[in-house]
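Okay, structure first, notes after.
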2 protein chains.
Amino acid sequence: MDAAAADDRLDRAFMALADPVRRSIVARLSRGPATVTELAEPFDITTQAVSKHIQVLETAGLVTRSRDAQRRPVHLDAAALETLTEWIDRYRLIHEQRFRRLDALLASADGGDAAASAEQD
Amino acid sequence: MDAAAADDRLDRAFMALADPVRRSIVARLSRGPATVTELAEPFDITTQAVSKHIQVLETAGLVTRSRDAQRRPVHLDAAALETLTEWIDRYRLIHEQRFRRLDALLASADGGDAAASAEQD
DNA sequence: TAGTTGATCAAGCGATTGGTTGAATAATGG
DNA sequence: CCATTATTCAACCAATCGCTTGATCAACTA
């Protein structure tokens with residue numbers, strides 16, 4: 001997978017989670033697979049709309065589907081979720097390490113009141 | 001903050017990261033604050049467009065801004081990023097624990113070939 | 001076989017997105 | 001004061017989003 005494809009995958013995955021209905025579906029699926037009608041039940045929207053939401057999650061790689069007679073059970077893919085936390089944590093940790101270095105620098109250079117303003121910038 | 005407001009916050013935050021330009025801005029900001037023009041430099045779009053991207057990140061609570069003469073330096077808010085990983089990890093872990101329980105159940109109940117199909121569903 | 005259930009396809013609609021150009025607002029420096 | 005620099009506001013545009021209704025497909029069951 002090249003960089004552009006990985007980018008596109010992140011686009012779709014974050015976009016997929018940027019909707020309360022789809023996040024609710026993910027939450028439900030964390031407790032086990034469910035069919036489209038089951039997933040649609042808590043919401044005041046049509047099953048067609050829920051079907052589309054599931055397609056969005058599937059295209060993003062967050063869920064997969066199997067077959068059971070007429071039903072198409074939806075399964076969560078936890079590995080895809082992990083990819084997202086990895087992306088976020090990567091930059092979160094870089095940011096926090098920068099802070100720690102800055103604090104250490106200011107603490108060793110001079111008095112403590114400079115360290116207080118370090119949190120500001 | 002009530003549940004609806006928290007929901008809306010998550011909507012905006014995930015949506016904000018669902019764009020490669022904005023993710024690139026977040027990556028840049030993890031190494032320290034930057035002005036709008038600095039952030040716009042790597043991209044083939046206008047500074048107005050970048051300004052809008054930053055407003056999206058700001059509304060999502062992912063960045064804050066200060067003032068330095070005409071400049072409006074943008075700062076990353078790592079705590080907001082942590083909120084996102086917390087949401088994702090919550091359901092990821094529920095999902096994985098469910099798998100572990102299922103594996104243990106099948107392993108104790110009968111032979112190993114049932115455990116092999118447990119990964120399927 | 002006919003009817004029912006589960007899910008998708010298709011077309012359409014209002015709202016929103018990411019981008020543009022052009023004008024306006026702030027704050028600095030000569 | 002005037003010109004420059006940094007940023008935002010405003011209006012617009014094509015594309016996409018979430019959702020609807022209506023029709024279709026697929027598989028079971030009486």
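Labels below follow one simple rule: chain letters A, B, ... track the order of the sequence lines, proteins then strands, and each chain is numbered from 1. Note: hydrogens, waters and symmetry copies are ignored here, and every other heavy atom, side chains too, is used. Owing to the predicted nature of the structure, the values given are computational and were not obtained by experimental measurement.
The residue among A/Ala18 and B/Thr37 whose nearest nucleotide of DNA chain D is located toward the 5' end is B/Thr37. Of the two residues near DNA chain C, A/Lys52 and A/Gln70, the one whose nearest nucleotide lies more 5' is A/Gln70. Comparing A/Ala69 and A/Arg22 by the nucleotide of DNA chain D that holds the closest heavy atom to each, the one mapping nearer the 5' end is A/Arg22.
In this structure, CZ of B/Phe14 is placed 19 Å from C1' of D/dG18, rounded to the nearest angstrom. In this entry the distance linking CD of A/Glu38 with C1' of C/dG6 reads 11 Å, nearest Å. Atom CE of A/Met15 is separated from atom P of C/dT17 by 9 Å (rounded to the nearest Å). Going from atom CD of A/Glu41 over to atom C1' of C/dA7 covers 17 Å, rounded to whole Å. Atom-to-atom, CG of B/Asp11 to P of D/dC17 comes out at 15 Å; the value is rounded to the nearest Å. In this structure, A/Leu39 places its CG atom 13 Å from P of C/dG6, rounding to the nearest Å. Regarding A/Asp19, its CG atom lies at a distance of 14 Å from the P atom of C/dT16, rounded to whole Å. Atom-to-atom, CG of A/Leu17 to P of D/dG18 comes out at 12 Å; the value is rounded to the nearest Å.
The two residues B/Ile25 and B/Phe43 come nearest to each other via the heavy atoms CG1-CE1, 4.2 Å. The shortest heavy-atom contact between A/Leu84 and A/Ala13 is CD2-CB, 3.6 Å. Between A/Leu29 and B/His95, the closest heavy-atom pair is O-CD2, 4.0 Å.
With a 6.0 Å radius and a threshold of 12 heavy atoms from other residues, nucleotides or ligands, A/Arg65 has its CZ atom above the threshold. Within a 6.0 Å sphere centred on CZ of A/Arg28, other residues, nucleotides and ligands contribute more than 12 heavy atoms.
Between B/Thr46 and C/dT20 there is a side-chain polar atom (N or O) within less than 4.0 angstrom of OP1 or OP2. Taking 4.0 angstrom as the limit, B/Gln55 places a side-chain polar atom (N or O) nearer than this to OP1 or OP2 of D/dC9. Taking only side-chain nitrogens and oxygens, B/Thr35 never comes nearer than 4.0 Å to OP1 or OP2 of D/dA6. Taking 4.0 angstrom as the limit, B/Arg65 places a side-chain polar atom (N or O) nearer than this to OP1 or OP2 of D/dT8.
In the set D/dT7, D/dA27, C/dT8, the nucleotide with an atom closest to the side chain of A/Arg67 is D/dA27. When distances are taken from the side chain of B/His53 to each of D/dC17, C/dG19, D/dC19, the shortest belongs to C/dG19. Taking every side-chain heavy atom of A/Ala49 into account, D/dC19 is the closest of C/dT21, C/dA7, D/dC19. Taking every side-chain heavy atom of B/Ile45 into account, C/dG19 is the closest of C/dG19, C/dA7, D/dT21.
Among the heavy atoms of the strands lying under 4.0 Å from A/Gln48 is at least one base atom, whether or not backbone atoms are also near.
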